[in-house]
Amino acid sequence: MRIGILALQGAFIEHEHMLQQLGAECVELRKSSDLAAELDGIVLPGGESTVQGKLLRELGMYEELKKRIHQGLPILATCAGLILLAEQVCDTKKSQAAEGCFAALPVVVRRNAYGRQLGSFSDRAKIRGIPKEEEFFPLEFIRAPYIVSLRDTKEVEPIAVIGKLPDGSSGENIVGVRYHNQIGLAFHPELTQDARCHEMFLSMCHA
Ligand code: GLN
């Protein structure tokens, strides 16, 4: 199985190592010709979504990648990747939401919603659909996006929820979703020793 990993910027190498350990072949996607490869799935890693979005366009990768995503190629998107995938993105500083980069996942996200105090934090949750889903999964958040709302509550399935909201108060906070062939996570599973999110992703790529 061959997985393309967007490797323009950010935390891509950790995804690569984790997927290789699980037996997948990884191709780093750095330029438009890399997208000519036969791919069974794509990882959109964390990093800086504005920089990644700009580079995607400058390098002429945006249109082809968008086409593949909308055609249903399995996607694992973490943190900045989730921002790129979301239909709508709002910035903490601006009140109006804007259309997201790939605009493929029917959720609204807010960038850098956790502010300075909670900019980076850890938690744990049970994640629906991973192997041994009754066992807690460690969650690492780094200047994470907040999933403000699901735009399609029938088809977008929340798979991970924590009990803390961006302002630090208690409340139900969806931090992971699945929508057909797309997995969007606000946290960084590649920065843990637990490969079960990646296993779930690879099982989608097999199908
Ligand atoms: N804050 C970053 C952004 O807005 C995302 C952070 C991350 O990917 N760890 O793109």
Side-chain angles (χ1 to χ4, degrees), residues 3-19 26 28-30 41-59 61-62 65-66 69 75-105 107-125 127 137-149 159-160 162 164-168 173-178 182-195 197-198 201:
I3 306 298
I5 302 187
L6 189 64
L8 301 180
Q9 187 265 349
F12 58 87
I13 200 78
E14 293 85 354
H15 281 290
E16 200 170 318
H17 290 156
M18 204 162 237
L19 290 166
C26 293
E28 291 185 359
L29 307 175
R30 297 176 177 278
I42 286 184
V43 175
L44 301 177
E48 201 52 49
S49 56
T50 47
V51 177
Q52 292 183 4
K54 189 165 175 278
L55 287 171
L56 279 168
R57 286 190 167 86
E58 282 174 9
L59 294 164
M61 300 171 76
Y62 172 71
L65 213 44
K66 181 169 182 169
I69 293 170
I75 306 293
L76 173 63
T78 58
C79 207
L82 166 63
I83 299 170
L84 293 183
L85 206 55
E87 276 187 1
Q88 294 263 314
V89 179
C90 39
D91 211 293
T92 313
K93 293 182 203 121
K94 301 176 200 144
S95 54
Q96 283 245 313
E99 177 162 313
C101 179
F102 294 122
L105 178 64
V107 299
V108 182
V109 299
R110 186 183 309 133
R111 297 183 58 220
N112 300 328
Y114 294 88
R116 278 207 185 161
Q117 288 295 324
L118 290 169
S120 296
F121 62 99
S122 307
D123 207 327
R124 60 178 202 156
I127 300 183
F137 191 93
L139 308 177
E140 294 298 332
F141 295 89
I142 304 169
R143 299 184 66 231
Y146 172 61
I147 300 176
V148 180
S149 60
I159 57 170
I162 59 170
K164 181 167 63 183
L165 292 166
D167 63 2
N173 179 353
I174 297 169
V175 294
V177 294
R178 175 153 177 190
Q182 302 174 31
I183 302 172
L185 307 174
F187 54 93
H188 286 269
E190 78 286 4
L191 300 183
T192 71
Q193 301 300 314
D194 198 324
C197 288
H198 290 77
F201 169 58

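Just so it is clear, the values below take in all heavy atoms, side chains as well, and ignore hydrogens, waters and symmetry mates. Whatever order the structure lists them in is the order used to number ligands and atoms, beginning at 1.
- Residue-level contacts of ligand 1 at the 4.0 Å heavy-atom threshold are Gly46, Gly47, Glu48, Ser49, Cys79, Ala80, Ile83, Arg111, Asn112, Ile142, Arg143, His188.
- Within the 4.5 Å cutoff, no side-chain heavy atoms of Pro45 are placed close to those of Glu190.
- Looking at every heavy atom in both residues, Phe201 comes nearest to Ile42 through CZ-O, 3.6 Å.
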Let me have the donor-acceptor pairs involving side chains of residues 75-88, under 3.5 Å, with sequence neighbours excluded, atom names and distances please.
{"from": "Thr78", "atom 1": "OG1", "to": "His15", "atom 2": "NE2", "distance (Å)": "3.2"}
{"from": "Thr78", "atom 1": "OG1", "to": "Gly46", "atom 2": "N", "distance (Å)": "3.4"}
{"from": "Glu87", "atom 1": "OE1", "to": "Arg151", "atom 2": "NH1", "distance (Å)": "2.5"}

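- Both tests hold for Arg57 against Tyr62: distance to the six-membered ring centre under 6.0 Å, angle to the ring axis within 45°.
- Residue Glu99 qualifies as open at atom CD: its count of foreign heavy atoms under 6.0 Å is 12 or below.
- Within a 6.0 Å sphere centred on NZ of Lys66, other residues, nucleotides and ligands contribute more than 12 heavy atoms.
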